[in-house]
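This report refers to the structure that appears directly beneath it.
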Amino acid sequence: MLALSCGAATAFAAAPLTHSIDAVLDLPARRLRVTDAIALPEQPPADLALTLSPSAADLAASAGGKTLRPVRSGALLRLDVPKGATTVTLRYSLALDQPPQAGPGGTDNPGALADDAVAGPDWAMLMPGSLWHPAGLPGQDVYRLRVSAPGGIKAVSQGRLEGFSQEGGNTVSIWSVRKPVGRLGLCLARYVLHERLETIPGGSAVAVQTFFLPDSKASPDVYLEAAARHLRFYSELHGPYPLEKFAVVENPLPTGYGFPSYTLLGSQVLTLPFIPETSLRHEVAHSWWGNGVLVSGDSGNWCEGLTTYVADYLSQELASPADGKAYRLRTLRAFSALTAQTPSADMPLERFGSRFSAASQAVGYGKAMFVFHMLRGFTGADAFWAGLRRLYAEKLFRPAAWEDFRQVFAGQGDFSLERSRRFMDQWLTRTGGPQLALGQVASEPDPAGGWVVRAEAVQKGEPYLLRLTAQVDHEGGTRRAEFVMEGERAGFEVRTPGKPLRLRLDPDADCFRLLDPSEVPPSVNTVKGAKDLRVLVAADAPQALRAALPVLLGGLGQVRATVLEEGKLTPEQKRSLGGGNVLVLGMPRFPLPGLRDVLPDAPGADTAFAALEREGGCVAAFQAATGADAQAVVQAANKIMHYGSFGLLGFAGGRNVVKSTLEPRRTPMLRELN
């Protein structure tokens, strides 16, 4: 599933600069021409330090009627400010690149720190990371932005829209950015604006907007309603919405970017039916965590894990306890599958900055999400949500680190000061996770009536501090016990009124841990992380599958996989395909261990993908029904990457109709009590 990226700033300036930026987009020349009048603070520094793209050309600077000589070193720009000067003016131009060639499955973007500054025939996109405008150090300035572009092309940025106007043959867009939101993004296209004012709990009316292209296939009403609903939800959960607006902006490129007060989504991404309730919700939540409370750059990026927890995960928990448990299990399986395939991709949370691969996402989004879930378990739900509200109020537009979360929760519930320190240290500084199992288990009648089950939980390796639940299924119902595990072994007991039948440790998957290989059924993530993947194209694989193969491999991150044609296999190659990791298009004419026809497992589908277990590896099947529309098969291939934790997918006309994961056949967390 598409996961958007936090575009948060990482520092806070006590005395921000005030910029009046006048930008002119010259599309025929593929160039942005900028004049920035920077109002200096009451006590301006003699040496003004700014950051600006090293690619900025024709740079000229003046102050107090004097020409200044900028000193440049990479992106750092220094100016000697004349005594008594109140304003420094910079003029320069910035070349805009050709649009990148979007590869297959190219919607998995690294985030707003990308340095794109590109232009198409009637649009342009400048990312904050392109450093397209000057900013003071550390860059929490305020801005008035005036952008002139060819007629009909409107500009969108952070802050409040002051209005659009026509001057000659050009369209002028004016934005006011008064919040300390860091560097600005800038998007220009022939946008059609739809807007509604939404009264947010605890705050004033907020403008909810969509800026869609004229031929957009997305519904403004759907996105306006969803965004407004998410804003109300998080205002009630965390505190008042901190920004001037929230806008959903369409991009001709296949992006999933997030900025303070707006999100930039590719045209194809916008039409995915799950986006308004998933990725959009995630991006709205970033308004509180990442773009509201900022990320301190010295202890790891916590905001993706917390945003995942309060958006992607919480939506499932609120739907039903079963959905919440299923999400937690998928997260554990994704981490175990991806990091088992590539152990070097794992990292301590204190080193996570931003997502750059599926494995890094499993750490910085998935594992970090679990840290907050376990914090909630230690403190209790009421104290957890109250602690987040308190931290949000105290740290709005200021940087926060993992240590701030430890301090706000220390002393709540089972989370003593000593435990809080050990808890945070183990999750921030160590890779991997605990390996849990049931040890000795015994059950006997209780002289006082009923039965008693006595057992122990066991950890391999250096132990973690954990809060665990044990559940006994007995004749007539279930009973549970909760306990804190601080060493390699922890004993516990569960009393039941009826004869005990089975014992489960962590029955709801509330604890982050490394799953036993037997607990990780193959999934899309297994194929993503597979080493030395080989692709077998069956002799009778339809052309639709062959055409979709580059899209599928791109989405899976396996563009370097070896592709073999069945009709050209040597006897040795055919034998070697019986082991290791193999992706098969169609059904070959010779038997392959673990492979089967998976279309019957996906009723109503014309295209199916499945990851199947076999000894020593994984065999994945990509199949299409006879006569399946070639474009629909390509659409299905482009979506498979979004369903990483699922093992079986079915598509009809490019739309997902089946998604499931096989349940593990055995687990060290379960013991039958005979």
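Remember, predicted model here, so these are calculated numbers, not experimental data. In what follows, every heavy atom counts, from backbone to side chain, and hydrogens, waters and symmetry copies are set aside.
- Residues Asp141 and Ile38 fail the side-chain proximity criterion, which asks for heavy atoms closer than 4.5 Å.
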With side-chain hydrogen bond (donor to acceptor under 3.5 Å, both in side chains) as the test, would you mind laying out the steps for Arg160 and Ser176 before giving the verdict? CA-CA 5 Å; Arg160 184 187 306 278; Ser176 175; over 6 Å; no
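- Formation of a donor-acceptor pair under 3.5 Å by the Arg31 side chain with backbone atoms of Leu27 is not found in this model.
- In this structure, a donor-acceptor pair under 3.5 Å is present between the side chains of His238 and Trp289.
- Between the side chain of Thr307 and the backbone N or O of Cys303, at least one donor-acceptor pair lies under 3.5 Å.
- With values rounded to the nearest 0.5 angstrom, Leu161 atom CG is found 4.5 Å from Trp175 atom CH2.
- Arg229 and Glu277 are joined by a salt bridge, as a carboxylate oxygen and a charged side-chain nitrogen come within less than 4.0 angstrom of each other.
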Walk me through it: do Leu193 and Gln209 pass the test side-chain contact (heavy atoms from CB on, under 4.5 Å)? CA-CA 7 Å; Leu193 168 64; Gln209 302 166 330; 3.9 Å; yes
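- Of all heavy-atom pairs between Pro99 and Trp123, the closest is CG-CZ2, 3.7 Å.
- The line from CG of Leu314 to CE of Met369 is 11.0 Å long, rounded to the nearest 0.5 Å.
- For the residue pair Gln158/Ser261, the side-chain donor-acceptor check at 3.5 Å is not satisfied.
- Side-chain N or O atoms of Asp425 include none that pairs as donor or acceptor with a backbone N or O of Arg422 at under 3.5 Å.
- Closest of all the heavy-atom pairs between Arg190 and Gly151 is NH1-O, 2.7 Å.
- Residues Asp47 and Arg78 are paired through a salt bridge, judged by an N-O separation under 4.0 Å between the basic side chain and the carboxylate.
- A donor-acceptor contact closer than 3.5 angstrom links the side chains of Ser296 and Asp298.
- Although no hydrogens or angles enter the test, the distance criterion places no donor-acceptor pair under 3.5 Å between the side chain of Thr210 and the main chain of Ala247.
- If you look at Trp288 and Phe233, their ring centroids are not closer than 6.0 Å.
- Judged purely by atom type and a 3.5 angstrom limit, Thr379 uses its side chain to pair as donor or acceptor with the backbone of Leu375.
- For the 3.5 Å distance criterion, the side chains of His286 and Glu304 qualify, holding a donor opposite an acceptor.
- Ion pairing between a basic and an acidic side chain is recognised when a charged N comes within 4.0 Å of a carboxylate O; Arg146 and Glu167 show such pairing.
- For Phe423 and Phe415, the ring centers sit closer than 6.0 Å to each other.
- Heavy-atom minimum distance, Leu396 versus Pro242: CD1-CB, 3.6 Å.
- Judged purely by distance below 3.5 Å, without hydrogens or angles, the side chains of Arg406 and Ser420 pair a donor atom with an acceptor atom.
- Looking at Val192 and Phe211, their side chains never come closer than 4.5 Å, going by heavy atoms from C-beta outward.
- Relative to the six-membered ring of Phe164, Lys154 meets both conditions, a distance below 6.0 Å and an angle of at most 45° to the axis.
- In this structure, His133 contributes its side chain and Leu184 its backbone to a donor-acceptor pair below 3.5 Å.
- Between the side chains of Glu350 and Ser299, no donor N or O sits under 3.5 Å from an acceptor N or O.
- Taking the six-membered ring for Trp and the full ring otherwise, Tyr241 and Tyr234 have centroids separated by 6.0 Å or more.
- With 3.5 Å as the limit, one finds no donor-acceptor pair spanning the side chains of Ser130 and Arg183.
- Between Lys179 and Phe397, some side-chain heavy-atom pair lies under the 4.5 Å cut-off.
- Contact annotation: the side chain of Leu391 never approaches that of Leu388 to less than 4.5 Å [non-hydrogen atoms, C-beta and beyond].
- A donor-acceptor pair is defined here as one N or O able to donate and one able to accept, closer than 3.5 Å; no such pair exists between the side chain of Lys367 and the backbone of Ala362.
- Heavy atoms only, all atoms of each residue included: His373 and Tyr309 are closest at ND1-OH, 2.9 Å.
- Here the straight-line distance linking atom CG of Leu253 with atom CG of Leu265 works out to 12.5 Å at 0.5 Å rounding.
- For the side-chain contact (heavy atoms from CB on, under 4.5 Å) criterion with Leu126, the lone passing option out of Leu25, Asp116, Leu32 is Leu32.
- Residues Asn170 and Pro150 approach most closely at OD1-CA, 3.7 Å, considering heavy atoms.
- Among Asp97, Val118, Leu96, the single residue meeting the side-chain contact (heavy atoms from CB on, under 4.5 Å) criterion with Arg30 is Leu96.
- Between Ser235 and Ile200, the closest heavy-atom pair is OG-CG2, 2.5 Å.
- In this structure the side chain of His194 reaches within 4.5 angstrom of the side chain of Leu224, judged on heavy atoms.
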Carefully, step by step, assess Lys395 and Asp404 under the rule salt bridge (Lys or Arg N to Asp or Glu O under 4.0 Å). CA-CA 9 Å; Lys395 291 288 188 177; Asp404 294 294; 3.6 Å; yes
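- Counting heavy atoms from C-beta outward, Val181 and Leu243 have side chains that approach closer than 4.5 Å.
- Between Phe405 and Met424 the shortest side-chain heavy-atom distance falls below 4.5 Å.
- If you check the side chains of Ser93 and Asp58, you find a donor sitting under 3.5 Å from an acceptor.
- The main-chain N or O of Thr67 is never found under 3.5 Å from a side-chain atom of Ser62 such that the two would form a donor-acceptor pair.
- The aromatic rings of Tyr365 and His282 sit parallel, their planes meeting at an angle under 30°, below the 60° perpendicular limit.
- Taking CZ of Arg376 as the reference point, atom CD of Gln412 lies at 15.0 Å (rounded to 0.5 Å).
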Could you go through the side-chain contact (heavy atoms from CB on, under 4.5 Å) check for Leu145 and Val177 one step at a time? CA-CA 8 Å; Leu145 180 61; Val177 187; 5.5 Å; no
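- Tyr92 has its side chain out of reach of Thr35: every pair of non-hydrogen atoms, C-beta onward, lies at least 4.5 Å apart.
- Under the 3.5 Å distance criterion, the side-chain polar atoms of Trp302 are left unmatched by any main-chain donor or acceptor of Gly290.
- Shown are Phe372, Phe409, Phe352; of these, the ring pair (Phe, Tyr, Trp, His ring centres under 6.0 Å) with Trp402 is made only by Phe372.
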What's the verdict on side-chain contact (heavy atoms from CB on, under 4.5 Å) for Thr51 and Leu77, showing C-alpha distance, side-chain angles and the deciding distance? CA-CA 6 Å; Thr51 54; Leu77 175 68; over 6 Å; no
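- Between the CG atom in Leu59 and the CG atom in Leu94 there is a gap of 11.5 Å [rounded to 0.5 Å].
- Ionic pairing of Arg33 and Asp26 is present here: one or more N-O contacts between side-chain nitrogen and carboxylate oxygen are shorter than 4.0 angstrom.
- Judged purely by atom type and a 3.5 angstrom limit, Thr171 uses its side chain to pair as donor or acceptor with the backbone of Gly152.
- Cation-pi geometry between Arg178 and Tyr143 is not satisfied (NZ or CZ under 6.0 Å from the ring centre, within 45° of the ring normal).
- Salt bridge status for Arg232 with Glu198: present, with a side-chain N to carboxylate O gap under 4.0 Å.
- A donor-acceptor contact closer than 3.5 angstrom links the side chains of Asn251 and Thr255.
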